[in-house]
Amino acid sequence: MIEKYDTGKIEKESAKLILDDDVTKKSGIYPYILTRDEKYLSIRGFSDAMKQKVYEKQKGNCVVCKKHFEISEMEADHITPWHKGGKTTEENCQMLCKDDNRRKSGR
Ligand SMILES: [Zn+2]
């Protein structure tokens with residue numbers, strides 16, 4: 001896909017990303033803007049404390065298949081994806097079993 005890049009827009013977006021606490025790799029901002037591949041930004045993951053709290057809130061059940069799992073068998077997921085404005089916070093965290101998380105992210 002060939003696009004014309006508007007430098008003003010790029011500057012504005014990169015300034016915003018620099019201030020985003022969830023972007024842990026600031027050197028990845030330009031590659032991200034050019035490719036839209038979030039792997040360049042190393043979006044911050046959920047902390048163990050956040051995962052534990054959400055796990056307890058869900059009573060250990062996966063939100064997709066509703067089955068019970070040990071916390072070690074689950075993975076934290078952004079309810080609203082980061083690129084849609086979702087933050088890496090407890091409120092935006094859900095715990096999925098590994099199978100459902102893999103299905104969701106299409107890995
Ligand atoms: Zn599940």
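Since this is a predicted model, take the numbers as computed values, not measurements. In each ligand, atom 1 is the first atom listed, and ligand 1 is the first ligand listed.
Here the rule is side-chain contact (heavy atoms from CB on, under 4.5 Å) with T88, and of D21, T24, D22 only D22 fits it.
Around the Zn ion (ligand 1), the protein N, O or S atoms found under 2.8 Å comprise C62 SG, C65 SG, C97 SG, D100 OD2.
With Y30 contributing its side chain and I10 its backbone, the two residues share no donor-acceptor pair below 3.5 Å. One N or O on the side chain of Q58 and one on the backbone of M95 form a donor-acceptor pair closer than 3.5 Å.
Residues L41 and W82 meet the side-chain proximity criterion, which asks for heavy atoms closer than 4.5 Å. Residues D77 and V63 form no side-chain contact, since every pair of their non-hydrogen atoms from C-beta on lies 4.5 Å or further apart. Counting heavy atoms from C-beta outward, K87 and D20 have side chains that approach closer than 4.5 Å.
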